[in-house]
Amino acid sequence: MNWRSERIWIELITGSRKISNFCWAFILFLGSLGFLLVGTSSYLGRNLISFFPYQQILFFPQGIVMSFYGIAGLFISSYLWCTISWNVGSGYDLFDVKKGIVCIFRWGFPGKNRRIFFQFLMKDIQSIRIEVKDGIYTRRALFLYMEIRGQGAIPLIRTNDNLTPREIEQKATELAYFLRVPIEMK
């Protein structure tokens, strides 16, 4: 959801609460739980999973390896669930022409620096930069940055926002027109 008027532009950023992250965390949890149950059933000598007989898996070495993969997968799954619950990466971009300020806010991991907040003057914005990078298997990726005098480039669009190159270019054009700054291509 975005909101825009003649003087204010607010862009909401989703963060880690995306359907794909929920799916990966759930699949990883179920898979690692299955590995751990198979490894544990081979150690105990009992069927913890009814459709899989424990006699087919020896504890050493297969059961140990499956237990290790199960524990490692549970750790990774818990990390994904924590980033989803903390909504890491979410926030907003605020461009206020009337006050002449830009505010960029993001939620990070819990701790002293959980709130990431940048505020600077619009007159310090040098340009909106579109950067083209060649990826794996000749897939091209476009990145959108805002060049700030004295602070360098601040990323505005992440790579996993699933925007087409045309949509990124359109957004860059609209933002540059709104801020009255030039567009650079690299």
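Index from 1, following the sequence.
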If Ile, Leu, Val, Met, Phe, Trp and Tyr residues are connected whenever their side-chain heavy atoms lie under 4.5 Å apart, and connections chain through other members, are [X] and [Y] in the same group?
| X | Y | result |
| --- | --- | --- |
| Ile148 | Leu156 | yes |
| Ile8 | Leu12 | yes |
| Phe26 | Ile71 | yes |
| Leu58 | Ile49 | no |
| Met185 | Val181 | yes |

Applying ring-ring contact (aromatic ring centres under 6.0 Å, His included), name anything that partners [X], two or more places apart in sequence or on another chain.
| X | value |
| --- | --- |
| Phe59 | Tyr43 |
| Phe105 | Tyr92, Trp107 |
| Phe178 | Trp9 |

Which atom of [X] lies closest to which atom of [Y], heavy atoms considered:
| X | Y | result |
| --- | --- | --- |
| Ser85 | Arg17 | O-NH2, 2.7 Å |
| Ala172 | Ile128 | CB-CG2, 4.1 Å |
| Phe29 | Ser77 | CB-OG, 3.3 Å |

Answer whether the closest heavy-atom distance between the side chains of [X] and [Y] falls below 4.5 Å.
| X | Y | result |
| --- | --- | --- |
| Ser90 | Thr14 | no |
| Glu167 | Lys171 | no |
| Val102 | Leu94 | no |

When rounded to the nearest 0.5 angstrom, what is the spacing between [atom1] in [X] and [atom2] in [Y]?
| X | Y | atom1 | atom2 | result |
| --- | --- | --- | --- | --- |
| Ile57 | Ile64 | CD1 | CD1 | 12.5 Å |
| Lys18 | Asn87 | NZ | CG | 10.0 Å |
| Ile13 | Ile104 | CD1 | CD1 | 9.0 Å |
| Ile84 | Tyr79 | CD1 | OH | 11.0 Å |
| Ser127 | Arg149 | OG | CZ | 10.0 Å |
| Ile183 | Ile130 | CD1 | CD1 | 5.5 Å |

Can I get a per-line list of side-chain donor-acceptor pairs under 3.5 Å for residues 35-42, giving both atom names and the distance, sequence neighbours left out?
from  : atom 1 : to    : atom 2 : distance (Å)
Thr40 : OG1    : Leu36 : O      : 2.7
Ser41 : OG     : Leu37 : O      : 3.2
Ser41 : OG     : Val38 : O      : 2.9
Ser42 : OG     : Gly39 : O      : 2.8

Fill in: Flag, side chain of Thr83 to backbone of Val88, donor-acceptor distance under 3.5 Å
no
Worksheet item: Does Arg4 reach the main-chain N or O of Ile10 with its side chain, forming a donor-acceptor pair under 3.5 Å?
Response: no
Worksheet entry | Crowding at CD, Glu6 (>12 non-hydrogen neighbours, <6.0 Å) | no
Worksheet item: What do you reckon, is CZ of Phe22 surrounded by more than 12 foreign heavy atoms closer than 6.0 Å?
Response: yes
Fill in: Pair listing, salt bridge (Lys or Arg N to Asp or Glu O under 4.0 Å) test, anchored in residues 79-108, at least two apart
Asp93-Arg106
Worksheet item: Yes or no on salt bridge (Lys or Arg N to Asp or Glu O under 4.0 Å) for Lys186 and Glu184, after CA distance, side-chain angles and deciding distance?
Response: CA-CA 7 Å; Lys186 281 196 176 183; Glu184 290 181 2; 5.0 Å; no
Can you give the donor-acceptor pairs under 3.5 Å from side chains of residues 109-125 to other protein atoms, not counting sequence neighbours?
from   : atom 1 : to     : atom 2 : distance (Å)
Arg114 : NH1    : Gly108 : O      : 2.4
Arg114 : NH2    : Trp86  : O      : 3.1

